[in-house]
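Here is how names work: the chains are called A, B, and so on, in the same order as the sequence lines, proteins then strands, and each is numbered from 1. Predicted model only: the values in this text are computed from it and were never measured.
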Amino acid sequence: MTDATLPAPRAPLLSVADLRIHAMSHGRPIPLVHDVSFEVGAECVAVVGESGSGKSLTARAMLGLLQPPLSMTASRLRLADTDLLRCTPADWGRLRGARLSLMLQDPRHSLNPVLTIGRQMELALGVHRRLPRGERRERIATLLEALGLTQLQRVLKAYPHQISGGMGQRVVLAMTLLNDPQVLIADEPTSALDGALRQQVLELILEQVRTRRMGLLLISHDLQLIARHAARVLVMYHGRIVDRCTADQLPHASHPYTHALWACRPSGRGYGTPLPVLDPGWNGQGGPA
Amino acid sequence: MNAVSVRSLTVPFADAGRRREVIQGLDLEIPAGEIHGLMGPSGSGKSTLLRVLAGLNTSWQGEVRLLEEPLSPGRELAPALRRAVQMVFQDPFASLHPRHTVERILIEPLLIDGLDRPQAQARVEAALLEVGLDARHARRHPHQLSGGQRQRVAIARAVLRQPRLLLLDEPTSALDPSVQAGILNLLNHLQATRAMTLVLVSHDTDVIAYMCQRASLLHDGRIERTLDRAQLNDL
């Protein structure tokens, strides 16, 4: 399916065309991501695919986070009216965390282990805005409460190792939203959490994205979760987008790779029958290798 | 015969100097040959229970019998039981020696068990084939394998000692769904061909519903309810 058959986002907040990512190895460029193009409006766009398919590299390219030996080229990379291809390192510093935020899988890797939650939230706010202390604290408290963190004083005084994984991920979400970004890139934001928490945290993210009219680029393995919550889905395989569909089309996907990704998920109804396993010979071109 | 029989099991845990119970008076019976699931939220005690059964946590009170043999608190498993009860961990990278080749990782327990090298080598080759790997993988180090291949090596190491009880602590939660499917198929195949008892800890109810004949739902160190096959279908 092509983009033409999908409802186009009304005003793209994030727009990328012909993105290519290479890694230099022994003086030769090794292509990792090939000609990736998509747009994200005020909606949730999911990127799915196996490990190594290029999902996280694509997300990091959107944030200008690729470091040598990795490099990228694109014919377009825009955040609303800003041309990200012309950004200097200082521009990226002003942009990241303010207009474009990143949320990672494990809160233990996102939070500073030697600062209290309150201190690091104040720092995240202070990097981008000069606000009086009282206003800073009020803004942080309001946001944490909106994300369901009760016992506010205890959370603010706690170090990251003193709070649970679910609480940690709510704190990370609060930090990414503190400066009212236009787009949030969430890379497996719930896969380190238990089943019930997974649903709760994802619903919190989606609720915030909806009420703030932000764009969300959601990278996930969990196709069932995506089918329930995303608007559109990009399916990546070996560095290419091989399929695009609306999320409700996922269970009936005609593309063989998307179908296999959907069908390999275990369930009680499949008890006693082997699960389909992706054909390792499938070469991403729609035919056998 | 019960492969696992646990009565009034209590496991203490020191939390900031205060003693509290991770498992409180738990009873569980798992018949031989069953695939039994343990599920529940983080901190409910499922991994602690598994570590007691593996002999890795010996600070407990109560009565535990594995394959009809009683365990004693404060003591490691007896050598025969150590062979008969094997465990596969969540993170295969952390559970395989990073500086040893796959062949060395797999052959060492067999040499310790007293097999001569040619015999042990033949068993390793057969086990690699059984888990979907081959002689090329035997020469590699863990970092040269994918996550799924590493978990296959960990499973091969566990089944090489021909266990009757296999304990699995979140064996697929670090893997992609497509890789997970291959590992679940492998576990079903091994259980069917070797008539092992499997105890599978997972926070993923779909994995439990797909794999298990029965499953226990843990909450605050107790079994809240046990689900049979019909109830698992509706999960």
Side-chain angles (χ1 to χ4, degrees), chain A residues 48-53 55-56 105-106 161-169 188 190-200 219-227 235-237 250 256-280 282, chain B residues 15-16 35 37 39-44 46-47 90-91 132 146-150 170-189 191-192 200-215 217-219 227-235:
Chain A
V48 301
E50 295 171 276
S51 292
S53 60
K55 316 184 290 286
S56 295
Q105 178 176 355
D106 193 336
H161 75 274
Q162 294 173 313
I163 58 174
S164 67
M167 235 184 230
Q169 209 54 322
E188 301 273 0
T190 60
S191 51
L193 305 174
D194 277 359
L197 263 181
R198 205 174 268 201
Q199 182 84 11
Q200 276 174 25
I219 296 173
S220 177
H221 279 153
D222 194 334
L223 266 69
Q224 275 66 16
L225 211 61
I226 281 171
V235 184
M236 287 191 76
Y237 180 83
L250 264 181
Y257 183 70
T258 313
H259 177 73
L261 266 185
W262 178 266
C264 68
R265 179 82 196 141
S267 74
R269 286 186 300 280
Y271 176 71
T273 51
L275 291 165
V277 176
L278 289 176
D279 176 8
W282 194 77
Chain B
D15 181 13
I35 303 184
M39 52 186 181
S42 295
S44 60
K46 47 192 197 303
S47 289
Q90 176 176 3
D91 181 357
S146 69
Q149 287 169 340
R150 280 197 285 268
E170 304 270 9
T172 59
S173 60
L175 306 175
D176 275 359
S178 55
V179 179
Q180 168 178 270
I183 297 290
L184 296 181
N185 286 345
L186 170 64
L187 291 172
N188 268 329
H189 163 78
Q191 195 276 336
L200 171 63
V201 165
S202 179
H203 68 252
D204 188 334
T205 48
D206 289 333
V207 168
I208 296 279
Y210 172 71
M211 290 292 289
C212 300
Q213 277 129 33
R214 290 190 311 142
L217 177 63
L218 274 78
H219 191 76
L227 293 90
D228 61 19
R229 193 51 243 166
Q231 291 164 316
L232 287 171
N233 277 340
D234 297 333
L235 262 186

Student: Where does B:M39 contact chain A at under 4.5 Å (heavy atoms): side chain, backbone, both or neither?
Tutor: neither
Student: With a 4.5 angstrom heavy-atom cut-off, which part of B:Q231 approaches chain A: side chain, backbone, both or neither?
Tutor: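 Neither part.
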Student: Heavy-atom cut-off 4.5 Å, strictly under: side chain, backbone, both or neither for B:T205 against chain A?
Tutor: neither
Student: Which atoms of B:N185 come close to chain A, meaning under 4.5 Å heavy atom to heavy atom: side chain ones, backbone ones, both, or neither?
Tutor: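 When you check distances to chain A, only side chain atoms of B:N185 fall under 4.5 Å.
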Student: Taking A:E50, A:Q224, A:R269 one by one, which has the highest count of heavy-atom pairs under 4.5 Å against chain B?
Tutor: A:E50
Student: Report the distance from atom OG of A:S267 to atom CG of B:N233, rounding to the nearest 0.5 Å.
Tutor: 8.5 Å
Student: Please determine, among B:V207, B:L184, B:D204, the option with the most heavy-atom pairs under 4.5 Å with chain A.
Tutor: B:D204
Student: Flag the one option from B:S146, B:G147, B:S178 with the top tally of heavy-atom pairs under 4.5 Å to chain A.
Tutor: B:S178
Student: So if I apply the side chain to side chain contact (heavy atoms under 4.5 Å, CB included) rule between B:D176 and each of A:C264, A:S53, A:S51, which one comes out positive?
Tutor: A:S51
Student: Could you tell me which of B:S173, B:P41, B:P177 has the largest number of non-hydrogen atom pairs under 4.5 Å with chain A?
Tutor: B:P177
Student: Could you go through residues 270-277 of chain A and list every donor-acceptor pair under 3.5 Å that involves a side-chain atom there, pairing it with any protein atom two or more places apart or in another chain?
Tutor:
residue: A:T273; atom: OG1; partner: A:G270; partner atom: O; Å: 2.6

